[in-house]
K.L.:
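One structure, as structure tokens, below. Some questions next.
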Amino acid sequence: MCCLCATVGRGDIILGNMVVEAEFLKSIPYFAGLSPVELDAVARRILEREVKRGEIILFEGEPARELYFVASGVVKVFKTSPEGKEQILQLIRPGESFNDVPVFGGGLNLASAEAMAPGVLYGIRKSDLEIMLRDHHKLAQNVIQVLSQRIEHLVSLVEDLSFRHVTGRLARILLEYAGDKGGERRLLTQQDMAAMAGTAREMIGRSLKFLEEEGVVRLERHRIVIKDKKALKEIAGVAD
Amino acid sequence: MKMIEMPVIDQAKCNGCGLCLSVCSCQALVLVGNVVTAVETTDCGWCTLCEAVCPTGAIRCLYEVVIEE
């Protein structure tokens, strides 16, 4: 054990005046199944960073220097179009990581990241990560697993963006639920719409925004108002 | 007085993690005991972030779909 760190009660690892909970580290997919010695090696290289709501953590296009884990709070990973439109790619909750791909790939940050709430991040420098991967095979196996899952998620997103017409399916759902005269109000969430359309919740948010920008619907508090039913039917591919 | 529609919380599913409170910019959610409760307020703009971040699916921001008259 190094002179800077000591193991304290319940397996927590103390670094100077910072405590990294071993239990928390073990819950992160990257570190699952690591031995106490390996966890200790990881904890020694972790940098703690407190973030405020709205703080930009990473800028798209800058060199990728650190991999981050959310210890508390929520982080939004997003891209911005040249017109200034923001597309949320992922919300990162405690225990989850972000900026993995560019850090391992040696490139630039692929997206920006902003804290949506006050929180604490654990960061590991790219150079430290490379040393750890060389020394700890279990960690390398875990990284491969995490990146494989990341690719699966991205492939499904690519399918949604290129082959399927999520907006068309959403339009059908909205038409089906609109003006239901069956007596009981049928209410639905964005998550429900995503499940019905067979897509991710983020895609529904994006599609609703698109329909609003096209002047087809208006999003109100608690209501989706169909402004142009004919246009919505056209998008849905439903005969008038 | 008309009730203000608020996100619906399934208290049995809520694990009290507080993520929803941390992203809510209008203090529409509070922790009572170890469970989240919605406070009626017109400040809630239905951003649905609380639903998006909830790890247990305990929060539902419901929409009614209507056709403009």
Side-chain angles (χ1 to χ4, degrees), chain A residues 51-54 70 72-76 88 90-96 114-119 170-171 173-181 185-195 200-202 204-205 208 215-230 232-233, chain B:
Chain A
V51 288
K52 295 180 191 136
R53 184 200 297 268
V70 175
S72 65
V74 184
V75 169
K76 168 175 82 175
I88 297 178
Q90 229 178 340
L91 294 177
I92 316 291
R93 302 185 184 94
E96 296 172 348
E114 178 186 328
M116 293 176 69
L170 173 63
I173 294 165
L174 295 180
L175 287 166
E176 190 194 325
Y177 274 73
D180 186 70
K181 301 285 193 291
R185 285 193 314 167
R186 293 163 76 200
L187 305 171
L188 75 174
T189 65
Q190 289 195 31
Q191 190 59 55
D192 296 333
M193 295 179 222
R201 192 184 184 280
E202 291 88 339
I204 293 296
L208 281 172
V216 181
V217 303
R218 185 173 66 246
L219 296 179
E220 290 182 356
R221 193 177 182 282
H222 183 60
R223 290 206 316 171
I224 298 169
V225 181
I226 297 172
K227 290 168 64 185
D228 189 341
K229 192 176 177 187
K230 192 168 172 237
L232 193 64
K233 279 188 165 180
Chain B
M1 199 173 81
K2 196 185 170 194
M3 274 177 60
I4 303 163
E5 300 282 0
M6 293 301 295
V8 176
I9 295 156
D10 182 339
Q11 301 199 326
K13 281 188 184 174
C14 176
N15 66 4
C17 71
L19 278 185
C20 53
L21 271 75
S22 67
V23 297
C24 179
S25 57
C26 62
Q27 285 83 49
L29 301 169
V30 290
L31 264 181
V32 178
N34 201 29
V35 172
V36 170
T37 304
V39 180
E40 280 189 24
T41 170
T42 49
D43 289 343
C44 170
W46 224 254
C47 69
T48 76
L49 283 176
C50 53
E51 179 189 279
V53 300
C54 178
T56 62
I59 304 183
R60 290 170 59 77
C61 298
L62 294 158
Y63 285 98
E64 184 180 10
V65 186
V66 296
I67 297 169
E68 194 164 59
E69 297 295 323

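Lettering follows sequence order; numbering is per chain, from 1. All values below come from the heavy atoms of this structure, side chains included, with hydrogens, waters and symmetry mates left out. None of these values were measured; they are calculated from a predicted model.
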K.L.:
Taking the side chain from A:Arg221 and the backbone from B:Glu5, do they hold a donor-acceptor pair closer than 3.5 Å?
P.N.:
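Yes, the answer is positive, given that a donor and an acceptor are paired below the 3.5 Å cut-off.
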
K.L.:
For A:Leu188, is it the side chain, the backbone, both, or neither that has a heavy atom closer than 4.5 Å to a heavy atom of chain B?
P.N.:
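It is both, since atoms from each part get that close.
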
K.L.:
What part of B:Cys54 lies closer than 4.5 angstrom to a heavy atom of chain A: side chain, backbone, both or neither?
P.N.:
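Contact with chain A involves the backbone of B:Cys54 alone.
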
K.L.:
Output all residues satisfying side-chain contact (heavy atoms from CB on, under 4.5 Å) with B:Asn34, sequence neighbours left out; order by chain, then residue number.
P.N.:
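With neighbours one apart ignored, the set is empty.
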
K.L.:
Measuring only between side-chain heavy atoms, which start at C-beta, is B:Arg60 closer than 4.5 Å to A:Asp192?
P.N.:
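Side chain of B:Arg60 against side chain of A:Asp192, heavy atoms only: contact under 4.5 Å found.
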
K.L.:
Does the B:Glu51 side chain pair with the main chain of B:Thr48, one donor and one acceptor, at a distance under 3.5 Å?
P.N.:
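Not a single qualifying donor-acceptor pair exists.
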
K.L.:
Residue by residue, scan residues 24-31 of chain B and write down, ordered by number, those that have a heavy-atom distance under 4.5 Å to chain A; if none do, write 'none'.
P.N.:
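The list, in residue order, reads B:Cys24, B:Ser25.
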
K.L.:
Under 4.5 Å heavy-atom distance to chain B, tell me which part of A:Arg53 shows up: side chain, backbone, both or neither.
P.N.:
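Contact with chain B: side chain only.
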
K.L.:
Measure A:Asp228 against the heavy atoms of chain B and call it side chain, backbone, both or neither at under 4.5 Å.
P.N.:
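Looking at A:Asp228, nothing touches chain B.
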
K.L.:
Would you check if B:Met6 and B:Cys44 make a side-chain contact, meaning some heavy-atom pair closer than 4.5 Å?
P.N.:
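The answer is yes, as the side chains (C-beta and beyond) meet within the 4.5 Å cut-off.
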
K.L.:
Where is the tightest heavy-atom contact between A:Ile224 and A:Met193, given as atom of each residue plus distance?
P.N.:
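That would be CD1-CE, 3.6 Å.
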
K.L.:
Mind ranking B:Gly45, B:Pro55, B:Gly57 by heavy-atom pairs under 4.5 Å with chain A and telling me who comes out on top?
P.N.:
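Looking at each option in turn, the highest pair count goes to B:Pro55.
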
K.L.:
Which bit of A:Glu202 comes within less than 4.5 Å of chain B, counting heavy atoms only: side chain, backbone, both or neither?
P.N.:
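Contact with chain B: none, neither part.
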
K.L.:
Taking C-beta and beyond as the side chain, do A:Val70 and A:Glu96 meet within less than 4.5 Å on heavy atoms?
P.N.:
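They are not in contact (no side-chain heavy atoms under 4.5 Å apart), so the answer is no.
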
K.L.:
Looking at NZ of A:Lys229 and CG of A:Leu174, how far apart are the two atoms once the value is rounded to the nearest 0.5 Å?
P.N.:
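Going from the NZ atom of A:Lys229 to the CG atom of A:Leu174 covers 12.0 Å.
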
K.L.:
Roughly how far, to the nearest 0.5 Å, is OG1 of B:Thr42 from CD1 of B:Ile4?
P.N.:
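Here the interatomic distance stands at 5.5 Å.
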
K.L.:
Of the backbone (N, CA, C, O) and the side chain (C-beta and beyond), which part of A:Lys227 lies under 4.5 Å from a heavy atom of chain B, both, or neither?
P.N.:
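Both parts, heavy atoms under 4.5 Å.
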
K.L.:
Is there a side-chain contact between B:Val65 and A:Glu176, using heavy atoms and a 4.5 Å cut-off?
P.N.:
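No. Closest side-chain heavy atoms not under 4.5 Å.
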
K.L.:
Under 4.5 Å, counting heavy-atom pairs only, tell me which of A:Leu91, A:Ile88, A:Ile92 racks up the most with chain B.
P.N.:
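When all of A:Leu91, A:Ile88, A:Ile92 are compared, A:Leu91 has the most.
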
K.L.:
Go through the atoms of A:Arg223 and report whether side chain, backbone, both or neither lie under 4.5 Å from a heavy atom of chain B.
P.N.:
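Looking at A:Arg223, backbone and side chain both touch chain B.
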
